[in-house]
Every structure is written in structure tokens, then in C-alpha cells.
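Each remark here refers to the structure printed beneath this line.
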Amino acid sequence: MKTLGFLSLILGLIFYACNQPPKTINLPENLTEETVTDSTVAESSKDKEEVQILIREMLIWADSKECIDLLPVITDSKNSIYVGFDLDKHKQNLEKLKATNFFVTEFIENYNQIILTLDNGLRNGKYEEWLVGDLPTFVFANGVNPWCLCQDIPYDNPNPWSFITIEIIDLDYAKGELNWKWGNLENNSNPNWKEFKYKFRVVKENNQWKIAYLEGFDFEESTKS
């Protein structure tokens with residue numbers, strides 16, 4: 001009888017344990033897998049929108065009278081050959097770039113080094129003579145606008161840059177690599193416009209997205225002969 005009673009007790013405990021609801025891990029209030037995922041998606045979408053606004057506004061500025069003179073050239077005494085750059089005007093350009101609030105120091109210093117390298121090359125014969133009125137004898141700003149790597153644009157619109165769209169290559173909370181493209185193109189648009197992509201990088205500085213790199217300002221490419 002004692003053995004039977006002991007077995008009954010054991011079976012009762014097993015039965016009780018099996019019928020208890022499973023234990024759950026208590027998460028902080030309002031924190032669930034679903035809400036974390038939704039929040040992440042929302043933040044990513046917000047960042048993408050902010051970066052798209054940034055690149056559009058930068059291109060509008062670059063296409064305006066407020067933009068800097070990318071090549072502040074000086075000529076020889078006969079006004080027949082470009083022999084270098086006006087470095088005082090160049091310093092003013094750097095200040096103007098800072099004032100736009102579009103760019104981080106990395107981009108501004110990269111542009112600075114492009115101009116200083118080209119200036120040194122022109123003065124020391126690294127590049128062929130650059131005749132006044134001709135295209136540069138180096139890659140930078142040679143026949144295409146480095147801000148967009150274009151000579152013209154696919155729109156007849158007062159604000160064509162508002163059609164620019166972006167695609168994410170890699171984007172997190174602090175930095176990103178992306179392409180911008182011509183958006184809202186008509187079906188009969190030139191296929192080259194549809195295939196065009198312009199690579200750029202951004203970083204978040206003081207909670208604001210800014211441009212760190214533009215493909216048209218790539219140092220190695222820009223300083224080639």
C-alpha cells in the first residue's frame with residue numbers, strides 16, 4: 001500500500017507539471033520581436049528618405065549660381081595657356097563647401113587635394129599644356145560635370161533634380177553607400193539614362209546625413225592625364 005501511494009504521488013506530480021503553461025521570458029515593456037523589427041524598418045526608411053533629400057538638394061545647389069567654380073584657373077602672361085589655379089579663390093571655394101552643410105571634412109579635403117595636385121601638375125609639366133578655351137588635359141571636369149557625370153539631363157523641367165531616386169548598396173545608422181539614378185523617365189527615354197548610376201557615400205554627423213564621397217570627385221580618377 002505504501003508503494004502504491006508513493007507511485008500515485010509521483011504520477012500526480014508528473015501530471016501536474018505536464019499541464020502547466022510553458023514559462024515565458026519577460027521582455028521590457030513594449031519590446032517585442034515585432035516592434036523591434038517595425039522600428040528598424042521605419043528608421044531605415046527614414047534614413048533613406050533623408051539621404052534622398054540630401055542628394056537632391058546638393059544637386060540643386062550644384063546646378064545653381066551659388067555653386068563654386070570647380071576650376072579657378074589662372075593663365076600665363078599672354079592669356080593663352082592655363083598654368084595653374086588661383087589658390088586664394090580655391091580657399092574661398094573650400095569655405096563655401098563648408099557653408100553648404102552638405103559635406104563632411106572628408107569630401108572637402110578630397111576636393112582640396114584634387115585641386116592642389118592638378119595645380120602642381122600644371123605648374124611642373126606633369127600634364128600637357130592646357131590651351132585657353134580647350135578642355136582640361138586631365139580627367140577632372142573634362143567635358144562632363146563631376147557633380148552628375150553628365151553633359152545634359154533627361155528632363156525638360158524647371159526642377160529636374162527632384163526626380164532623382166536612390167538605391168541602397170549598404171546603409172546603417174551611421175554611414176551608407178548608395179547610387180543615385182534618374183527617376184520618373186519616360187518609356188521612350190534613351191536606355192543610357194535608364195542604366196546610369198552614380199555612386200556616393202554618406203555619413204551621419206551630429207544626427208544629420210552628409211556627403212563623404214561622390215564618384216565624380218574620385219581622387220585617383222580625377223587626377224589622371
Side-chain angles (χ1 to χ4, degrees), residues 49-75 79 81-119 122 130-166 178-185 189 193 196-203 205-206 208-219 221-223:
E49 181 180 0
E50 289 178 353
V51 172
Q52 181 164 276
I53 291 172
L54 167 66
I55 200 69
R56 286 178 175 179
E57 290 184 346
M58 186 279 296
L59 287 167
I60 290 171
W61 167 82
D63 194 31
S64 74
K65 293 180 181 179
E66 302 301 317
C67 186
I68 63 173
D69 178 9
L70 284 172
L71 300 175
V73 290
I74 55 176
T75 65
N79 200 36
I81 299 172
Y82 297 120
V83 295
F85 297 107
D86 184 330
L87 296 184
D88 287 333
K89 288 185 178 179
H90 173 58
K91 289 180 181 178
Q92 294 174 19
N93 280 343
L94 298 179
E95 292 303 317
K96 288 180 180 179
L97 288 174
K98 293 177 185 177
T100 65
N101 214 29
F102 293 141
F103 310 101
V104 293
T105 301
E106 178 183 348
F107 176 85
I108 297 171
E109 180 57 26
N110 177 74
Y111 168 67
N112 179 42
Q113 290 304 316
I114 288 174
I115 294 301
L116 294 181
T117 301
L118 296 178
D119 178 72
L122 287 170
W130 180 12
L131 301 179
V132 171
D134 285 356
L135 290 173
T137 52
F138 43 78
V139 170
F140 186 63
N142 190 333
V144 295
N145 183 346
W147 296 109
C148 62
L149 291 179
C150 61
Q151 293 177 316
D152 55 3
I153 55 178
Y155 312 107
D156 182 16
N157 187 284
N159 187 13
W161 308 108
S162 64
F163 297 125
I164 293 299
T165 62
I166 63 173
L178 309 96
N179 290 318
W180 68 255
K181 306 187 296 182
W182 303 107
N184 200 35
L185 293 170
S189 296
W193 293 124
F196 176 83
K197 294 182 180 181
Y198 187 111
K199 185 174 291 186
F200 67 103
R201 287 191 293 104
V202 294
V203 296
E205 187 178 84
N206 297 324
Q208 180 179 351
W209 288 108
K210 294 186 180 182
I211 295 166
Y213 169 87
L214 293 172
E215 184 177 351
F217 290 76
D218 184 86
F219 178 84
E221 186 66 23
S222 294
T223 54

Gap separating the [atom1] atom of [X] from the [atom2] atom of [Y], nearest 0.5 angstrom:
X: W209; Y: L178; atom1: CH2; atom2: CG; value: 8.0 Å
X: L122; Y: I115; atom1: CG; atom2: CD1; value: 9.5 Å
X: I108; Y: I211; atom1: CD1; atom2: CD1; value: 10.5 Å
X: L131; Y: T137; atom1: CG; atom2: OG1; value: 9.0 Å
X: T165; Y: K181; atom1: OG1; atom2: NZ; value: 5.5 Å
X: Q208; Y: K210; atom1: CD; atom2: NZ; value: 5.0 Å

Exercise for the section: Flag the pair R201 and E106 as a salt bridge only when some basic side-chain nitrogen lies within less than 4.0 angstrom of an acidic carboxylate oxygen. Expected result: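 Counted as a salt bridge, because a side-chain N and a carboxylate O are separated by less than 4.0 Å.
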Using modelled atom types only, decide if a donor and an acceptor are shared between the side chain of [X] and the backbone of [Y] within a distance under 3.5 Å.
X: Q151; Y: G143; value: yes
X: Q52; Y: I166; value: yes
X: D119; Y: F85; value: yes
X: N93; Y: D69; value: yes
X: W61; Y: T100; value: no
X: N145; Y: C150; value: no

Exercise for the section: Please check if the distance between the ring centroids of F107 and F217 is under 6.0 Å. Expected result: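 When the ring centroids of F107 and F217 are compared, they turn out to be within the sub-6.0 Å range.
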Problem - Centroid-centroid distance, Y213 to F200, less than 6.0 Å - result: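 Between Y213 and F200, the centre distance exceeds or equals 6.0 Å.
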Exercise for the section: Answer yes or no: does atom CD of E109 have more than 12 heavy-atom neighbours from other residues, nucleotides or ligands under 6.0 Å? Expected result: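 Yes, because the 6.0 Å sphere around CD of E109 holds more than 12 heavy atoms from other groups.
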Practice task
Mark yes when over 12 heavy atoms from residues, nucleotides or ligands other than E66 sit less than 6.0 Å from its CD; otherwise mark no.
Solution key: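 Counting other residues, nucleotides and ligands, CD of E66 stays at 12 neighbours or fewer.
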Handout entry: D218 and S222 side chains, donor-acceptor separation under 3.5 Å
Key =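 No, no side-chain donor-acceptor contact under 3.5 Å.
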Exercise for the section: Assess the side chains of N112 and H90: does a donor N or O sit below 3.5 Å from an acceptor N or O? Expected result: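 N112 vs H90: donor-acceptor pair found between side chains.
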Identify the two heavy atoms, one from [X] and one from [Y], that lie closest to each other, and give their separation to 0.1 Å.
X: V203; Y: A212; result: CG1-CB, 4.3 Å
X: L149; Y: G216; result: CD2-CA, 3.8 Å
X: W180; Y: W147; result: CZ2-O, 4.1 Å
X: R56; Y: F163; result: NH2-C, 4.2 Å

Answer whether the closest heavy-atom distance between the side chains of [X] and [Y] falls below 4.5 Å.
X: I81; Y: T75; result: no
X: W182; Y: I164; result: yes
X: W130; Y: L135; result: no
X: D63; Y: N159; result: no
X: L116; Y: L87; result: yes
X: N179; Y: Y198; result: no

Practice task
Evaluate the criterion ring pair (Phe, Tyr, Trp, His ring centres under 6.0 Å) for residue pair Y155 and W161; output intermediate values, then yes/no.
Solution key: CA-CA 9 Å; Y155 312 107; W161 308 108; 8.3 Å; no
Practice task
Could you check T117 against F219 for side chain to side chain contact (heavy atoms under 4.5 Å, CB included), going step by step and ending with a plain yes or no?
Solution key: CA-CA 9 Å; T117 301; F219 178 84; 3.5 Å; yes
Practice task
Step by step, work out the side chain to side chain contact (heavy atoms under 4.5 Å, CB included) result for T223 and F140.
Solution key: CA-CA 7 Å; T223 54; F140 186 63; over 6 Å; no
Practice task
Might you work through the side chain to side chain contact (heavy atoms under 4.5 Å, CB included) test for I74 and V83, ending with a clear yes or no?
Solution key: CA-CA 6 Å; I74 55 176; V83 295; 4.1 Å; yes
